[in-house]
Amino acid sequence: IQLAGRIEPGDGAMSGSSTIPGSPADEWANDGLAKLWAFLQAHGFEVLALIVLYMYLRPMMRNYFERKHREAVMKRATDPEGTKELREEMRRAREEQQKRWSERAAADAEELAHKKRQEKLKKAREARKKNASSFGNGGGPLNFGGGGGPARIIGGPSARYGKRGGG
């Protein structure tokens with residue numbers, strides 16, 4: 001096997017290769033591997049030094065670029081001309097939201113007032129029913145019977161003989 005030069009097909013170096021020996025793809029792969037190996041033999045320490053240097057400087061570069069990005073974002077965010085439109089839009093949205101909340105509060109207040117009125121009327125009706133039922137058939141103390149029918153006399157025949165009447 002020849003490392004610095006061309007690897008001949010069938011030398012056993014590429015025995016597990018999926019290419020057909022002697023095909024252009026096999027020759028291209030062999031040429032590429034041979035050239036890569038030759039390059040690494042000649043410049044391997046430089047490549048290794050560059051990889052180590054990159055790994056050492058990578059966090060510092062990331063911090064530098066993140067800081068630059070933050071500064072650019074802050075500059076755009078605090079630029080008066082750039083934020084004028086944004087401030088206008090925020091003001092308009094705030095006014096619209098305030099209007100919606102005012103309308104909702106008015107509707108809620110109206111609904112609450114309606115509920116209170118209904119509750120008051122219900123209590124008044126219940127009080128009237130309670131007062132009316134305490135005196136018999138819905139009548140007051142002076143309205144005997146109260147239903148518009150014939151007046152029932154207390155201690156009269158129906159009281160003595162039950163509700164059958166008869167004499």
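All values below come from the heavy atoms of this structure, side chains included, with hydrogens, waters and symmetry mates left out.
Atom CG of Leu36 is separated from atom CD of Gln41 by 10.5 Å, given to the nearest 0.5 angstrom. Distance CG/Leu40 to CG/Leu48: 10.5 Å, rounded to 0.5 Å.
Residues forming a salt bridge (charged side-chain N to carboxylate O under 4.0 Å, His left out) with Arg58 (at least two apart in sequence, or on another chain): none. Under the rule for a side-chain contact (heavy atoms from CB on, under 4.5 Å), Leu50 has no partner lying at least two apart in sequence or in another chain.
The stretch residues 69-84 participates, sequence neighbours left out, in these salt bridge (charged side-chain N to carboxylate O under 4.0 Å, His left out) pairs: Arg67-Glu71. Pairs passing the ring-ring contact (aromatic ring centres under 6.0 Å, His included) check and including a residue from residues 42-92, sequence neighbours excluded, read Phe39-His43.
Within 6.0 Å of CZ in Arg104 there are 12 or fewer heavy atoms belonging to other residues, nucleotides or ligands. Residue Met74 places its CE atom among 12 or fewer non-hydrogen atoms of other residues, nucleotides or ligands, all under 6.0 Å distant. Other residues, nucleotides and ligands contribute over 12 non-hydrogen atoms within 6.0 Å of the CE atom of Met60.
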Distance-only check: which donor-acceptor pairs under 3.5 Å involve side-chain atoms of residues 90-103, not counting sequence neighbours?
{"from": "Arg91", "atom 1": "NH1", "to": "Glu95", "atom 2": "OE1", "distance (Å)": "3.1"}
{"from": "Arg91", "atom 1": "NH1", "to": "Glu95", "atom 2": "OE2", "distance (Å)": "2.7"}
{"from": "Arg91", "atom 1": "NH2", "to": "Glu88", "atom 2": "OE1", "distance (Å)": "2.7"}
{"from": "Arg92", "atom 1": "NH1", "to": "Glu96", "atom 2": "OE1", "distance (Å)": "2.9"}
{"from": "Arg92", "atom 1": "NH2", "to": "Glu89", "atom 2": "OE2", "distance (Å)": "2.6"}
{"from": "Glu96", "atom 1": "OE2", "to": "Arg100", "atom 2": "NH2", "distance (Å)": "3.2"}
{"from": "Ser102", "atom 1": "OG", "to": "Gln98", "atom 2": "O", "distance (Å)": "2.9"}

For a quick test of your reading: what N or O donor-acceptor pairs under 3.5 Å do the side chains of residues 114-124 make, sequence neighbours left out?
none

